[in-house]
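Below: one structure, written as structure tokens.
Since we're looking at a predicted model, the values are computed, not measured. By convention in this document, chain letters (A, B, ...) are assigned in the order of the sequence lines, proteins followed by strands, and residues within each chain are numbered from 1.
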Number of protein chains: 2
Amino acid sequence: MNLRDLKYLVAVADHLHFGKAAKACHVSQPALSMQIQKLEQYLDVQILERSNKSVFVTDLGQKIIARARDVLQGAAEIEDMAAMNKAPYMGNLRLGAFPTIAPYFLPLIVPTISQKFPNLRLLLLEAKTEDLVDKLTRGKIDAALLATTEAPGVLQSYPIFRDEFIFAVPKDHEKASRKSVDKEYLLQQPLLLLEEGHCLRDQALDYCRLSPMSTEYDFQATSLETLRQMIAAGVGATLLPKIAMRPDDGIKYIKIKPAAPYRTISLVWRKSSAKQAFLTELAELMKLCYMRHD
Amino acid sequence: MNLRDLKYLVAVADHLHFGKAAKACHVSQPALSMQIQKLEQYLDVQILERSNKSVFVTDLGQKIIARARDVLQGAAEIEDMAAMNKAPYMGNLRLGAFPTIAPYFLPLIVPTISQKFPNLRLLLLEAKTEDLVDKLTRGKIDAALLATTEAPGVLQSYPIFRDEFIFAVPKDHEKASRKSVDKEYLLQQPLLLLEEGHCLRDQALDYCRLSPMSTEYDFQATSLETLRQMIAAGVGATLLPKIAMRPDDGIKYIKIKPAAPYRTISLVWRKSSAKQAFLTELAELMKLCYMRHD
DNA sequence: CGTTATAATAAGTATAACTTATCGATATGA
DNA sequence: TCATATCGATAAGTTATACTTATTATAACG
């Protein structure tokens with residue numbers, strides 16, 4: 001068996017197409033076909049079901065491919081280790097962030113990071129939490145900014161800061177002149193929310209889980225910026241994370257007292273990552289950035 | 001990078017000798033040397049420190065080799081999956097058992113197993129718990145009979161049976177005529193124990209942890225059979241697992257009531273093992289064997 | 001100071017993987 | 001229905017790579 005064979009196999013599983021898989025592996029289609037045939041021959045099992053029009057993965061194949069991904073990731077981590085050893089602060093860092101933190105926190109940290117690590121190529125990816133966790137565990141990204149308190153088994157997290165929620169209302173709202181509101185009041189308010197899949201939506205619903213009011217609106221904003229526009233336009237109120245606050249945007253931000261709800265923003269990476277030490281350093285740097293800003 | 005290279009590398013790490021490593025890999029020494037050189041060149045780091053007389057592994061090398069072991073194990077598991085798929089009940093099964101269970105439980109189960117799975121080559125290994133867990137996680141054995149209740153992360157366990165402890169005394173012991181003793185009494189007895197490293201010793205000490213008496217003897221038996229001889233010879237008393245009881249061996253076995261201490265014997269294997277399904281079946285079979293005997 | 005043990009190097013050979021060109025089978029569409 | 005396109009498998013020749021044995025270089029040892 002051979003790492004290359006496994007790479008080819010995984011490529012076919014990803015594309016379900018020999019030609020595309022071959023292209024992705026930068027080899028000709030026959031080369032890839034042959035190696036996979038040999039692998040099947042060597043293992044003496046059928047991994048793929050081919051026809052002229054389609055490729056399927058057998059049940060056993062699924063298991064084999066899953067393990068093959070692990071093996072390839074392990075190999076990649078060996079290469080990473082070597083690279084990190086040579087030049088700890090060089091090379092690519094693929095960093096994910098979920099949509100309701102990315103546009104607010106990244107501008108805060110990216111300049112400092114690029115300044116401190118000028119040889120680092122910071123490749124940023126904005127995606128929903130679920131997607132990021134998946135990409136993390138599959139080794140498609142190196143780290144991600146997440147709002148989950150607990151990370152699953154293979155991942156580990158380093159808390160960066162606590163992002164409080166704040167009550168956002170139009171300037172002409174009945175409470176617009178108040179300095180603060182309390183939970184009792186909030187639970188009785190209908191709130192505009194982001195669409196399904198955003199962790200911010202879940203966190204707001206979680207906080208207000210006793211209130212059926214919160215889901216009253218049938219329109220759901222697709223991004224935090226859209227939501228902000230809607231609030232400013234007087235459509236309704238919502239909970240916004242403090243980091244998304246902006247001065248003079250036509251919105252009145254009202255503190256929630258006592259015990260404002262919050263989300264914890266953490267940097268998360270694979271325990272097995274070769275960038276381990278560097279990522280810890282990076283997380284500390286992010287924390288400093290936030291404190292300087294706050 | 002290549003699985004073969006990693007295999008060579010691990011072999012050198014294991015032998016700390018290129019020649020022996022080469023022999024273990026069934027290749028000539030130059031072939032192995034060259035591949036490792038190329039690997040180091042490819043990764044552009046030094047993994048091994050060579051001199052004419054000795055080979056050392058660098059710090060980074062340690063990390064790389066550790067990960068390489070994982071990668072190789074993953075690859076081996078892919079092969080296992082294929083083999084198991086072709087013939088679930090064939091091939092080698094490397095089974096470990098700790099010394100105070102092996103000679104008593106294995107004779108009970110081995111005939112049944114070989115009868116039910118005639119094409120299975122059962123390779124048995126007797127070693128101390130710590131050693132077995134190490135061999136398990138490193139993929140040197142497929143499964144082990146252990147008395148640990150909880151298995152660490154990568155392992156999973158299936159309970160086979162509960163093995164109670166019983167108070168073993170010479171025939172002429174003061175309590176030899178009693179039908180049972182209680183914990184209060186036991187805690188005041190000096191007990192003969194096995195030497196360090198035996199889990200049975202730890203379990204007995206654990207049960208009697210309030211009693212300083214139990215460590216009074218400065219002589220420690222090296223095996224359960226030796227211990228049995230010592231009890232029979234009238235040297236002292238001990239706690240024996242019920243499964244080690246034997247009729248007419250010059251020892252009086254006295255029940256501990258109420259709430260006899262016990263150890264739980266489980267079959268343990270790697271979660272990632274390809275023999276997963278088969279091992280569950282095997283564990284069930286062992287359980288049946290025990291119940292039939294009991 | 002030769003002998004031994006070690007890993008590295010050299011030269012030649014064998015193996016394996018790659019390339020391009022082609023085939024065979026199936027679906028698509030005028 | 002027949003030409004055409006698509007896709008994976010096969011064939012033939014080439015290249016790259018890993019292997020072999022023989023040899024060298026270096027240090028330790030008696």
Positions of residues 30-42 of chain A (non-hydrogen atom under 4.0 Å from DNA chain C), listed by number | A/Pro30, A/Ala31, A/Met34, A/Gln35, A/Lys38
Which residues pass the side-chain hydrogen bond (donor to acceptor under 3.5 Å, both in side chains) test with A/Arg270, sequence neighbours left out?
-> A/Glu77
So among B/Glu49, B/Glu40, B/Lys63, which one has a side-chain contact (heavy atoms from CB on, under 4.5 Å) with B/Thr58?
-> B/Glu49
Contact residues, residues 4-13 of chain B to DNA chain D [heavy atom, < 4.0 Å] | B/Arg4, B/Tyr8
Report the distance from atom CG of A/Asn2 to atom P of C/dA16, rounded to the nearest whole Å.
-> 11 Å
When you compare the protein's N or O atoms with those of nucleotides 25-29 of chain D, which come within less than 3.5 Å of each other, and at what distance?
residue : atom : partner : partner atom : Å
D/dT26  : O2   : B/Asn52 : ND2          : 2.1
D/dA27  : O4'  : B/Asn52 : ND2          : 3.4

Specify the separation, in whole Å, of atom CG of A/Leu3 and atom C1' of C/dA17.
-> 15 Å
Proximity to DNA chain D (any heavy atom under 4.0 Å), residues of residues 43-50 of chain A only | A/Arg50
Around B/Asp59, counting heavy atoms of other residues, nucleotides and ligands shown, do more than 12 lie under 6.0 Å from its CG?
-> no
Please say whether more than 12 non-hydrogen atoms of neighbouring residues, nucleotides or ligands are located less than 6.0 Å from NZ in B/Lys23.
-> no
Partner set under salt bridge (charged side-chain N to carboxylate O under 4.0 Å, His left out) for A/Lys86, not counting sequence neighbours = B/Asp44
Result for side-chain contact (heavy atoms from CB on, under 4.5 Å) between B/Leu93 and one of B/Ile141, B/Leu123, B/Leu279, B/Ile113 points to B/Leu279
Presence of salt bridge, B/Arg67 and B/Asp70, under 4.0 angstrom = yes
Over 12 non-hydrogen atoms of neighbours within 6.0 angstrom of CD in A/Glu130 | no
Between A/Phe278 and A/Phe117, what is the ring plane arrangement, given parallel below 30°, perpendicular above 60°, and tilted in between?
-> perpendicular
How many Å lie between NZ on A/Lys20 and C1' on D/dG8, as a whole number?
-> 14 Å
Within the pair A/His17 and D/dG8, is there a side-chain N or O less than 4.0 Å away from OP1 or OP2?
-> yes
Length of the line joining A/Lys23:NZ and C/dT20:P, which is rounded to integer Å | 12 Å
Do the side-chain N or O atoms of B/Ser28 get closer than 4.0 angstrom to the phosphate oxygens (OP1, OP2) of D/dT20?
-> yes
Please walk me through it: do B/Tyr89 and B/Lys116 pass side-chain contact (heavy atoms from CB on, under 4.5 Å)?
-> CA-CA 9 Å; B/Tyr89 308 128; B/Lys116 180 144 189 203; over 6 Å; no
Does B/Ser266 offer a backbone N or O that forms a donor-acceptor pair with the side chain of B/Ser157 under 3.5 Å?
-> no
Between A/Thr280 and A/Gln276, a side-chain donor and acceptor under 3.5 Å | no
Just one of B/Arg69, B/Lys20, B/Arg138 clears the salt bridge (charged side-chain N to carboxylate O under 4.0 Å, His left out) bar with B/Asp14, so which one?
-> B/Arg69
